[in-house]
Amino acid sequence: MVQTLNEVESNQPVERVSAFLSRVARLFAANAFQPHRIFRGGHAQTLAAFAWPRRSKFKLVCDQERLFETAPDVKVLAHCRWQQNPADHATMIIWHGIEGSSASTYMLSMADKAFVAGFNVVRMNLRTCGGTEHLTPTIYHGGLTDDLRAVVSELIEHDGLSRLFLVGFSLGGNMVLKLAGEYGNKAPPEVLALCAVSPSIDLQASAQLILKRSNWLYQQDFVRRLKQRLRRKHKLFPDVYDISGLSSVRTLREFDDRYTSRAYGFNGADDYYYRASSIRVIDRIRIPTLIIHAEDDPFIPFAPMLDAAITNNRHILLVVTKQGGHVAFISDKPRSSNHSLPDTSDPGLRAQHSVLSGQYSALLEDRFWAENRVVEFCQLANQIF
């Protein structure tokens with residue numbers, strides 16, 4: 001009875017969403033991920049994506065800065081790139097991962113591809129990220145969907161944007177999925193679809209996996225950056241943060257137990273991880289959703305992706321690759337987006353592919369397969385819904 005009610009109240013009939021996602025799955029299967037011949041393992045993919053020399057191509061991009069007031073005494077910074085007559089175009093809003101920013105290379109790359117494909121693009125910083133510690137005395141946490149909700153609402157109500165796509169990477173992916181689950185049947189009709197790449201849907205499992213010896217480098221980098229951020233916050237707001245024990249923190253769990261959880265009234269790290277994880281509400285998602293995840297992601301575990309909350313939700317397309325690392329998915333070689341159809345007898349799939357080819361065929365896909373699929377998914381959903 002509950003499922004029937006959800007299907008009736010959702011923005012799109014479940015049969016229509018399910019048929020669309022099935023067609024997209026077949027389309028993606030025709031362009032399946034083939035890892036780079038040198039960077040094949042999860043660590044190799046992850047580190048190569050970080051070091052890949054592509055950042056220089058984005059240096060001349062000067063997007064419009066914009067502050068969103070998401071709560072009393074809280075502002076978050078966005079970088080916006082608008083098409084002519086923005087209201088006539090769909091808008092992609094993108095959130096980054098832990099200790100990233102709107103200037104992270106994958107954020108710039110995603111924005112570049114989306115803009116060329118005809119989208120307005122809003123690159124968001126999570127609270128205090130991107131050099132914005134001064135904009136609020138608070139810090140971010142992995143389930144802080146109030147900020148996302150406020151940004152979406154302002155773009156709808158103030159800017160009059162009617163076709164929104166929400167995209168999140170890693171921790172940002174968890175937040176986007178959690179927001180969609182919280183929306184449930186009452187998602188704004190302007191939010192047409194969402195995408196999550198390498199999302200950390202179970203923060204407890206992620207915090208456990210990153211403790212592995214093989215993940216020492218990632219953990220040390222995250223902890224170092226978090227400590228630096230908290231020291232900057234302490235200088236700006238000395239009465240808010242006690243950093244006397246900060247130097248003894250060695251792991252993400254220790255940082256979250258001592259600082260993140262206390263800042264938001266959680267009862268320690270375990271309570272924070274449970275309440276902030278999207279896996280708790282992902283079964284409530286009623287928006288067409290794409291999740292891309294690699295089985296060899298070094299520090300975001302794959303096992304939670306097999307939860308029935310995902311596999312039984314007909315509004316979610318889970319695309320799993322055996323290789324790809326974390327927010328990497330560096331393919332063997334660039335390919336034209338005008339790839340062959342897996343089933344030319346399917347008129348719906350043929351029509352969708354025709355739309356995509358007409359808009360995007362002049363572009364040569366780069367090696368970053370997941371980013372290309374996000375653009376493709378949003379283009380197709382923009383035509384269907």
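For the single chain, residues carry numbers from 1 onward in sequence order.
- Under the 3.5 Å distance criterion, the side-chain polar atoms of Asp256 are left unmatched by any main-chain donor or acceptor of Ala269.
- Between Phe115 and His89, the ring centre distance reaches or exceeds 6.0 Å.
- Phe299 places none of its side-chain heavy atoms less than 4.5 Å from the side chain of Gln219.
- Taking 4.0 Å as the cut-off between side-chain N and carboxylate O, Arg224 and Asp221 count as a salt-bridged pair.
- When the side chains of ILVMFWY residues are joined at heavy-atom separations under 4.5 Å, either directly or via intervening members, Val320 and Ile316 end up in a single hydrophobic cluster.
- Side-chain atoms of Thr70 and Asp146, non-hydrogen and from C-beta on, never get closer than 4.5 Å to each other.
- In this structure, Asn372 contributes its side chain and Asp366 its backbone to a donor-acceptor pair below 3.5 Å.
- Under the 30°/60° scheme for interplanar angles, the aromatic rings of Trp52 and Phe39 are found to stand perpendicular.
- With rounding to the nearest 0.5 Å, the separation of NZ in Lys178 from OG in Ser277 is 9.0 Å.
- Note: the hydrophobic cluster containing Leu77 does not contain Val121 (ILVMFWY, side chain heavy atoms under 4.5 Å, direct or indirect links).
- Annotation: side chain of Phe28 is in contact with side chain of Leu290 (closest heavy-atom distance under 4.5 Å).
- Note that CG of Leu209 and CZ of Phe302 are 13.5 Å apart. Values are rounded to the nearest 0.5 Å.
- The hydrophobic cluster containing Leu148 does not contain Leu67, counting ILVMFWY residues as joined when their side-chain heavy atoms lie under 4.5 angstrom apart, directly or transitively.
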Between Met107 and His79, is a side-chain contact (heavy atoms from CB on, under 4.5 Å) present by the stated rule, with each step listed? CA-CA 11 Å; Met107 294 282 284; His79 290 90; over 6 Å; no
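- Contact check for Met110 versus Val197: no side-chain heavy atoms found under the 4.5 Å cut-off.
- Of all the heavy atoms in Gly100 and Cys129, the pair that sits closest is O-CB, 3.7 Å.
- Residues Asn120 and Gln83 share a closest heavy-atom pair of OD1-N, 2.9 Å.
- Salt bridge annotation for Arg40-Asp332: absent, with no cationic side-chain nitrogen under 4.0 angstrom from a carboxylate oxygen.
- For Phe385, the CZ atom is densely surrounded, since the number of other residues' heavy atoms within 6.0 Å is greater than 12.
- In this structure, Arg275 is not positioned above the aromatic face of Phe266 in the sense of NZ or CZ being under 6.0 Å from the six-membered ring centre and within 45° of the axis.
- The shortest distance between side-chain heavy atoms of Thr105 and Phe50 does not fall below 4.5 Å.
- Of the options Lys113, Arg373, Glu371, a side chain to side chain contact (heavy atoms under 4.5 Å, CB included) to Glu365 is made by Arg373 and by none of the others.
- Closest of all the heavy-atom pairs between Ser244 and Asp242 is OG-OD1, 2.8 Å.
- Distance CG/Asn267 to CG/Asp257: 9.0 Å, rounded to 0.5 Å.
- Between Asn174 and Ser200, the side chains place no donor N or O within less than 3.5 Å of an acceptor N or O (distance only, hydrogens not considered).
- Between Tyr183 and Pro188 there is a side-chain heavy-atom pair separated by less than 4.5 Å.
- Figure legend: Arg54 and Phe368 shown as a cation-pi pair, the cationic atom lying under 6.0 angstrom from the six-membered ring centre and within 45 degrees of its axis.
- Side-chain atoms of Trp369 and Ile292, non-hydrogen and from C-beta on, do get closer than 4.5 Å to each other.
- Note that CD1 of Ile291 is 8.0 Å distant from CG of Leu194, once rounded to the nearest 0.5 Å.
- Val74 and Phe68 fall into different hydrophobic clusters, where Ile, Leu, Val, Met, Phe, Trp and Tyr are joined by side-chain heavy atoms under 4.5 Å apart, directly or via other members.
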When you look at Asp270 and Arg253, which way does the salt bridge (Lys or Arg N to Asp or Glu O under 4.0 Å) test go after all the steps? CA-CA 9 Å; Asp270 290 340; Arg253 175 178 287 277; 2.7 Å; yes
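- For the residue pair Arg127/Thr136, the side-chain donor-acceptor check at 3.5 Å is not satisfied.
- Under the 3.5 Å distance criterion, the side-chain polar atoms of His234 are matched with a main-chain donor or acceptor of Tyr241.
- Summarising the geometry, atom CG belonging to Leu108 is positioned 9.0 Å from atom CD1 belonging to Ile94; distances are rounded to the nearest 0.5 Å.
- For the residue pair His141 / Tyr259, no side-chain donor-acceptor distance below 3.5 Å is found, with atom types taken as modelled.
- At a cut-off of 3.5 Å, with distance as the only test, no side-chain donor of Ser104 or His96 sits close to an acceptor on the other residue.
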Go through Gln204 and Tyr272 one step at a time and tell me if the side-chain hydrogen bond (donor to acceptor under 3.5 Å, both in side chains) criterion holds. CA-CA 9 Å; Gln204 182 78 260; Tyr272 158 50; over 6 Å; no
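- Electrostatic pairing of Arg229 and Glu99 counts as a salt bridge here, judged by a charged N lying under 4.0 Å from a carboxylate O.
- Closest of all the heavy-atom pairs between Glu154 and Arg66 is OE2-NH2, 3.0 Å.
- To the nearest 0.5 angstrom, Phe119 atom CZ is 11.0 Å from Leu164 atom CG.
- When side chains are defined from C-beta on, Phe222 counts as touching Ile210, because their heavy atoms get closer than 4.5 Å.
- Panel note: side chain Asp297, backbone Ile300; a donor-acceptor pair is recorded below 3.5 Å.
- Linking ILVMFWY residues whenever their side-chain heavy atoms come closer than 4.5 Å, directly or via other members, places Tyr140 and Met175 in the same cluster.
- Between the Ser18 side chain and the Val14 main chain, no donor and acceptor come within less than 3.5 Å of each other.
- Geometrically, Arg280 engages Tyr274 in a cation-pi contact defined by less than 6.0 Å to the ring centre and at most 45° from the axis.
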